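One structure is given here, and the rest of the page talks about it.
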Amino acid sequence: AFEGLGITGRKLDLEQTLALTLIALDNDIPLVQLTVEEEDPEVIVEDKELKKQGITGLVAIGESDYTGSPNNRKHNIGVGLARFNGHVIPKGEEFSFNEVLGPVNQSTGYRPELTIVGEKTLPEFGGGLCQVSTTAYRGVWRAGFPITQRRNHSYAVRYYFPPGTDATIYPPATDVRFANDTEGSLLVQTHAENSRAYF
């Protein structure tokens, strides 16, 4: 059970913003970009079983934006994210996105939606799951875990901006894998809100 959400906060650097504003006023500059620092949320782990496994706090957050997605794509993203919430990756183990995801078809709750297959875009069950794999990859990459398998999409897709931060999956062949090289287990928490996915 999780209480609350671990979402990155943003804090305005008042001193830096004030300095930039004064320079802009002195030099007739009409636009000032605010200086914002990202802050990871404080996560308190109280569960004794989790602590025993070495799960003591936040490691990283992967985040992506799927604003403007069709309804079936949104649905598939929600079903996919739910498959990972609460998943534990033991110390020293390799995580396989496809193994945790499981079968992708109508019987597992997915709807048909556009999927990139080579150079073509075709409707298949589970279209949009690459939003979930991309979100996971961003958290893994941000944490600095050894990534043992990852491939980008055949062409740029606006949902995976900025380019080069995406990770495609196509079970069983194309997977996202990484090694948990920490001193303890990892607990995955997933969440979606306002067309943003968190891993």
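Values in this document were obtained by computation on a predicted structure and should not be read as measured data.
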Short side-chain to backbone donor-acceptor contact, [X] and [Y], under 3.5 Å:
{"X": "His75", "Y": "Gly109", "value": "yes"}
{"X": "Thr135", "Y": "Gly62", "value": "no"}
{"X": "Asp47", "Y": "Glu49", "value": "yes"}
{"X": "Ser185", "Y": "Gly54", "value": "no"}
{"X": "Asn180", "Y": "Pro90", "value": "yes"}
{"X": "Asp175", "Y": "Phe97", "value": "yes"}
{"X": "Asn72", "Y": "Pro112", "value": "yes"}
{"X": "Thr17", "Y": "Leu14", "value": "no"}

Salt bridge flag under 4.0 Å for residues [X] and [Y]:
{"X": "Arg177", "Y": "Glu99", "value": "yes"}
{"X": "Arg73", "Y": "Glu113", "value": "no"}
{"X": "Lys11", "Y": "Glu37", "value": "no"}

Please assess Tyr159 against Tyr66 for the test ring pair (Phe, Tyr, Trp, His ring centres under 6.0 Å), listing each intermediate value before the final yes or no. CA-CA 5 Å; Tyr159 300 119; Tyr66 56 96; 7.8 Å; no
Between His153 and Tyr160, what is the ring plane arrangement, given parallel below 30°, perpendicular above 60°, and tilted in between?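 Judged by the thresholds at 30° and 60°, the geometry between His153 and Tyr160 is parallel.
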Should Phe125 and Asn76 count as side-chain neighbours, where that means a heavy-atom distance under 4.5 Å? no
Quick one, Asn98 and Ser96 - any side-chain contact, counting heavy atoms below 4.5 Å?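 A side-chain contact under 4.5 Å exists here.
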Considering non-hydrogen atoms only, spot the tightest contact between Leu101 and Pro171 and give its length.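 Taking Leu101 first and Pro171 second, the nearest heavy atoms are CD2-CG, 4.3 Å.
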With a 4.5 Å cut-off on side-chain heavy-atom distances among I, L, V, M, F, W and Y, is there a chain of contacts connecting Leu20 to Leu22?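 Leu20 does not cluster with Leu22.
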Cation-pi, Tyr137 ring and Arg150 (6.0 angstrom, 45 degrees):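 Yes, Arg150 lies over the aromatic ring of Tyr137.
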Does NZ or CZ of Arg151 lie under 6.0 Å from the centre of the six-membered ring of Tyr170, at an angle within 45° of the ring axis?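 That pair does not qualify as a cation-pi contact.
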Given side-chain contact (heavy atoms from CB on, under 4.5 Å), test Leu81 with Asn85 step by step and report yes or no. CA-CA 7 Å; Leu81 281 171; Asn85 198 38; over 6 Å; no
